[in-house]
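To start, the structure under review is shown below, and the notes come after it.
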Amino acid sequence: MILSSIVFLPLLFALLVAIWPKANTVRHLALGLSVIEFIVSLSLFKSFDASATGLQMVEKFMWIERFGIQYFMGIDGISLWLVLLTTFLTPIIILASWTSITERVKGFHICLFILQTAMLGTFLAMDAVFFYVFWELSLVPMYFMVGIWGGARRIYATVKFFIYTMAGSVLMLVAIIYMMYLTQEATGQMSASLLDFYQLQIPFVGGTFFSLQTLLFFAFALAFAIKVPAFPVHTWLPDAHVEAPTPGSVILAGVMLKMGTYGFMRWVIPLFPEASEYWAWLFMLIGTVGIIYGALVAMVQPDVKKLVAYSSVSHMGYILLGLFAFNAYGMGGGLYQMLNHGISTGALFILIGMIYERTHSREISKYGGLAGVLPIFTIFFFIITLSSIAVPMTNGFVGEFFILLGTYQSHPVFAYFAVSGVVLGAVYMLWMFKRVFFGEQGELVKDEHHPLHDLNAREITVLVPLVIMVFWMGLFPNHFLNFSKASIDHLVNNRSNYNLTIVQPGASEVTHAQGGN
């Protein structure tokens, strides 16, 4: 029951926070509980077999028998690191929000723990309805985190975020229900199991949009593309990031966006292989346009937080590009870049939150000469900037290199255009860094009435684990890639007839039986 423990412990923690009588120690309690969750998640390594291609540590029983809906969880090399990324970032987020969240502190941590359960459940659920419950649950706590603790235009940003994500999710729900009926026609027993969905032979006709497989493909793909967010359905993201409190931005960029790219890997590509192959050019075009468009728009942003938000659009475009390359380099690099983006962009939002607490402004033009005043802060910001622009020996380089290599192998033209994003990324990030940290001191930096102070021990503690991950993932990528290699290779080599086995503890992989319980 390790997977259930990992998913539902945060719900228990949310209850403990809610009934905790001492308001002045709520943060300490939440931090301690989040560390416990991270330690529990590390126990996955004890039972995880990196050479297995199937689902491990499976927990499965019938939930709603009439409709074949199951409580069904499993983990493999695709979901392992996303689960650990979620549990790793949560205590960092809590420690980073120590002084920025000053009102309704208990409510904030309750929302954060509920959101953690929703994200973990999304990565581990192997039943379509069960997955959809977690997918939709994630909207609720994020809605409140932005709507209550956000900036001046928080209601506008929250409503826009909710409408965009709900619109895509409704189409996905319709597709899930239809596929449940398809399993009943194929097997005589209705099922929502993803493993049963993989066995379906869904008709596909190339050259027409109204092929059944194409319609189902786009119903799922739109929901996931909005969450990524892919161009042109990305416009909710900059508003949500700018108005969200710092911890909200970190969890949004660090984990929630990965729910979309994970959806493409777990659901779209293996469920609809012919449609994915036929429409790959469209999603590679969308990814490439997103890379260049996000970088160009980031370059002209006066608000440093909005600059980083548009950089997310650019970086997530790389992941989309890698996934639809349909080879081990592209897909492996895409998964690795999900982790890289969570670390690097999450760290950037934390750093921006730290300077915002001191100056209450994010306008780049009001800074300048910050390096002479905050040297420790400058060093951390520079390291994360190098990671963001994919400098060799940092984590960002590994992911982008594999993605571009995989894209070049499958569609060289897209690689030629996508590589320009590397240059543009260096331009807008280094130009921003120069304006903020060097040159003549701006009005916020030389304000004698509000002197700036460098990072304290708590803030350094927040940033050190992120910097360690930047170099660990950059210098020793095989420590991470080896755990996902078997699952990625299995997806690449069997994409046209994909299936997942269930790995029994202490036994070889067993083939899934359709309609089985």
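We use all heavy atoms of the structure for the numbers below, so side chains are in, but hydrogens, waters and symmetry mates are not. If you're wondering where the values come from, they're calculated on a predicted model, not measured in any experiment.
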Report yes or no: does W236 contribute a side-chain atom to a donor-acceptor pair with the main-chain N or O of I163 at less than 3.5 Å?
no

Count the heavy atoms of every other residue, nucleotide or ligand shown that sit under 6.0 Å from CZ of F144, and state whether that count exceeds 12.
no

Does E440 use its side chain to pair, donor to acceptor, with the backbone of G368 at less than 3.5 Å?
no

What is the distance from atom CD1 of I384 to atom CD1 of I343, rounded to the nearest 0.5 Å?
9.0 Å

CZ of F401: more than 12 outside heavy atoms within 6.0 angstrom?
no

For V492 and A328, which heavy atoms make the closest approach, and how far apart are they?
CG2-N, 3.8 Å

Would a distance-only check, ignoring hydrogens and angles, find a side-chain to backbone donor-acceptor pair under 3.5 Å from T117 to V7?
yes

Checking the side chain of S41 only, and the main-chain atoms of F38 only, is there a donor and an acceptor separated by less than 3.5 Å?
yes

Atom OH of Y143: over 12 foreign heavy atoms under 6.0 Å:
no

So, does N478 use its side chain to make a donor-acceptor pair with the main chain of L481 at under 3.5 Å?
no

With under 30° as parallel and over 60° as perpendicular, where do the rings of H479 and F476 fit, or are they tilted in between?
parallel

Can you confirm whether W279 is buried at CH2, in the sense that more than 12 heavy atoms of other residues, nucleotides or ligands lie under 6.0 Å from that atom?
yes

State, to 0.1 Å, how close T288 and F414 come at their nearest heavy-atom pair, and which atoms those are.
OG1-CD2, 3.5 Å

Is there a side-chain contact (heavy atoms from CB on, under 4.5 Å) between L424 and I291? Walk through the geometry before answering.
CA-CA 9 Å; L424 293 173; I291 290 168; over 6 Å; no

Y428 ring center near Y310 ring center (under 6.0 Å):
no

Going through the distances and angles, do S410 and M284 end up as a side-chain contact (heavy atoms from CB on, under 4.5 Å)?
CA-CA 11 Å; S410 62; M284 296 190 84; 4.2 Å; yes

Ring centroids only, cut at 6.0 angstrom: are H341 and Y318 within range, meaning strictly under it?
no

For the pair Q301 (side chain) and V297 (backbone), establish whether a donor and an acceptor sit closer than 3.5 Å, ignoring hydrogens and angles.
yes

Shortest non-hydrogen pair, I389 vs G425, comes out as CG2-O, 3.5 Å

Just say parallel, tilted or perpendicular for the rings of F324 and F283, cut-offs at 30° and 60°.
parallel

Closest non-hydrogen atom pair, E459 against D454
OE1-O, 4.3 Å

Give a yes or no on whether the backbone of S388 and the side-chain of H315 come within a donor-acceptor separation of less than 3.5 Å.
yes

Establish, for the pair K227 and W135, whether the NZ or CZ atom is under 6.0 angstrom from the six-membered ring centre and no further than 45 degrees off its axis.
yes

Nearest-0.5 Å distance, CG of residue L85 to NZ of residue K258
7.0 Å

Any chance the rings of F433 and F438 have centres within less than 6.0 Å?
yes

So M265 and I488, side-chain contact (heavy atoms from CB on, under 4.5 Å) or not? Walk me through it.
CA-CA 9 Å; M265 290 191 76; I488 294 293; 3.4 Å; yes

So if I apply the ring pair (Phe, Tyr, Trp, His ring centres under 6.0 Å) rule between F272 and each of F264, F220, W267, which one comes out positive?
F220

Just so I know, are the side chains of L80 and F45 near enough to count as touching, which here means a heavy-atom distance under 4.5 Å?
yes

Keeping E243 on the side-chain end and A152 on the backbone end, is there a donor-acceptor pair under 3.5 Å?
yes

Does the side chain of I460 reach to within under 4.5 Å of the side chain of N456, using non-hydrogen atoms?
no

What's the separation between atom CG in L271 and atom OG in S276, rounded to the nearest 0.5 Å?
8.5 Å

If we only count heavy atoms from C-beta on, is the F380 to V464 side-chain gap below 4.5 Å?
yes

Should the pair R495 and F326 be classed as cation-pi, given the thresholds of under 6.0 Å to the six-membered ring centre and 45° from the axis?
yes

Ring-plane angle category for W81 and F480, please: parallel below 30°, perpendicular beyond 60°, tilted otherwise.
tilted

By the definition side-chain contact (heavy atoms from CB on, under 4.5 Å), identify the one residue from I75, I6, V255 that meets it with F123.
V255

Between OG1 of T87 and CD1 of I39, what distance do you get to the nearest 0.5 Å?
10.5 Å

Is the side chain of Y132 donor-acceptor paired with the backbone N or O of S169 at a distance under 3.5 Å, no angle test?
yes

Without hydrogens or angle criteria, can the side chains of S361 and Y367 be said to hold a donor-acceptor pair below 3.5 Å?
no

Among R154, K160, K306, whose side-chain hydrogen bond (donor to acceptor under 3.5 Å, both in side chains) with D239 holds?
K160

Distance-only side-chain donor-acceptor flag, S387 / T394, under 3.5 Å
no

Kindly check if the number of other-residue, nucleotide or ligand heavy atoms within 6.0 Å of OH (Y408) is above 12?
no

Quick one: pull up NE2 in H241 and OG in S249 and give me the separation to the nearest 0.5 Å.
5.5 Å

Do the side chains of F471 and N395 get nearer than 4.5 Å, heavy atoms only?
no

Carefully, step by step, assess L351 and F377 under the rule side-chain contact (heavy atoms from CB on, under 4.5 Å).
CA-CA 8 Å; L351 286 160; F377 178 80; 3.7 Å; yes

Check whether the side chains of T90 and Q116 place a donor and an acceptor atom closer than 3.5 Å, and report yes or no.
yes

Say you draw a straight line from CD1 of I251 to OG1 of T86; how long is it, rounded to the nearest 0.5 Å?
6.5 Å

Heavy atoms of P232 and T235 approach each other most closely as O-CG2, 4.4 Å

Between F88 and M469, is there a side-chain heavy-atom distance shorter than 4.5 Å?
yes

Do R362 and E357 sit within salt-bridge range, that is, some charged N less than 4.0 Å from a carboxylate O?
no

Min side-chain heavy-atom separation M316-L320 under 4.5 Å
no

Do side-chain atoms of T165 reach the backbone of F162 as a donor and acceptor pair under 3.5 angstrom?
yes

Is the closest side-chain heavy-atom distance between I364 and L307 below 4.5 Å?
yes

Check L455 against M354 and note the closest heavy-atom contact, atom names and distance.
CD2-SD, 3.8 Å

Are side-chain heavy atoms of M256 and L115 found at a separation under 4.5 Å?
yes

Can you confirm whether more than 12 heavy atoms, excluding those of F48, are under 6.0 Å from its CZ atom?
yes

May I ask you to decide if the ring planes of F381 and F437 are parallel, tilted or perpendicular, using 30° and 60° as cut-offs?
tilted

Side-chain ion pair, D76 and R266, N-O less than 4.0 Å:
yes

